[in-house]
Amino acid sequence: MIIVESIKEAKEIIREKKRRGLKIGFVPTMGCLHLGHISLIEKARKLSDYVVVSIFVNPTQFGPNEDYDKYPRTFEQDKIMCEIHNVSMIFHPSVQEMYPQNFSTFVEVTGQISQVLCGAKREGHFRGVATVVSKLFNIVEPDVAIFGQKDAQQAFIIKKMVKELDFPIEIVVSETVREEDGLAMSSRNNYLSKEERAIAPLIKKALDEAEEAFKKGETKAEILKKKVEQIINSSPLFKIDYVEIVDTENFNPVDEVSSESLLAVAAFLGKTRLIDNLILKK
Ligand code: PAF
């Protein structure tokens with residue numbers, strides 16, 4: 001496994017691999033790797049010959065009052081995990097390398113998909129994500145890139161961006177990996193106190209109950225959302241940011257779940273913002 005910090009060097013090495021006919025798999029991350037990331041790496045390994053993992057805490061996707069400064073940075077540990085899982089290259093650029101002075105070109109995500117859920121709550125977040133992912137795609141030139149279903153809106157936005165900006169890349173979305181008690185794995189789970197961690201699985205429990213009700217025939221979004229809210233609000237430690245059901249075709253909120261819909265939740269436990277979701281499909 002090699003570790004590369006410069007864009008020029010990463011491009012040169014990857015181009016040489018491509019000339020030799022190797023298929024490049026890519027897993028973009030912000031580090032603090034956990035089993036969720038490992039499942040993405042494993043998937044990339046199955047689908048390609050040369051796996052690149054980027055580790056870069058991207059400042060442009062954090063709002064001014066968000067956790068950029070305290071976001072966990074665990075590079076030494078990440079390196080070991082990548083080594084064990086046969087990653088070929090870690091791309092680990094500095095902020096200066098990715099965003100040199102006077103950097104001023106961004107990929108703007110517009111339309112309904114950017115205006116609901118996390119797009120409505122985290123101004124500029126998806127602009128930062130689309131910008132850094134575009135840069136990473138241009139540097140790594142992957143044949144296939146893997147994203148997690150936990151960040152469902154991000155995955156939809158990236159798929160749309162790839163189609164609309166003609167990146168010749170296959171996007172694969174891999175299912176959410178969970179702790180034994182159902183909590184979706186996330187680097188941000190590290191922030192939780194013992195007390196917060198103990199009640200964090202309520203989000204998954206709420207999603208499961210909504211799914212159960214949906215399977216039994218309840219299709220009214222208001223009722224399904226209320227069910228989720230009631231369960232999460234059963235702990236006073238939670239503060240719901242949003243509970244929403246949107247059509248996966250156009251991201252419009254739905255009143256009635258008829259076609260494939262995304263039930264998505266964001267909730268604060270103290271200062272930690274957790275997200276989770278599930279797809280409701282007949
Ligand atoms: O999902 C993440 O970890 C980040 O949003 C990503 C895709 C690595 C871009 O910084």
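Ligands are counted one by one from 1 in listed order, and the atoms in each one are counted from 1 as well. Sequence positions, counted from 1, serve as the residue numbers for this chain.
Glu256 and Thr219 share a side-chain donor-acceptor pair at under 3.5 Å.
Salt-bridge check for Glu16 with Arg19: failed, with every basic side-chain N at 4.0 Å or more from each acidic carboxylate O. Salt bridge present: Lys205 and Glu209 bring a charged side-chain N and a carboxylate O closer than 4.0 Å.
In terms of protein heavy-atom proximity, atom 10 (O) of ligand 1 is closest to Gln61 OE1, 2.6 Å. For atom 3 (O) of ligand 1, the closest non-hydrogen atom on the protein side is Met30 CG, 3.7 Å. Looking only at protein heavy atoms, the nearest one to atom 7 (C) of ligand 1 is Gln154 NE2, 3.5 Å.
In Thr29, the part holding a heavy atom less than 4.0 Å from any atom of ligand 1 is the backbone.
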Dump the intermediate steps for salt bridge (charged side-chain N to carboxylate O under 4.0 Å, His left out) on Glu229 and Lys226, then the final yes or no.
CA-CA 5 Å; Glu229 284 163 5; Lys226 209 145 258 134; 5.5 Å; no
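By the 6.0 Å contact criterion, NZ on Lys220 is open, its count of non-hydrogen atoms from other residues, nucleotides or ligands being 12 or less.
Here is the list of ligand 1 atoms found below 4.0 Å of a heavy atom in Val132: 9 (C), 10 (O).
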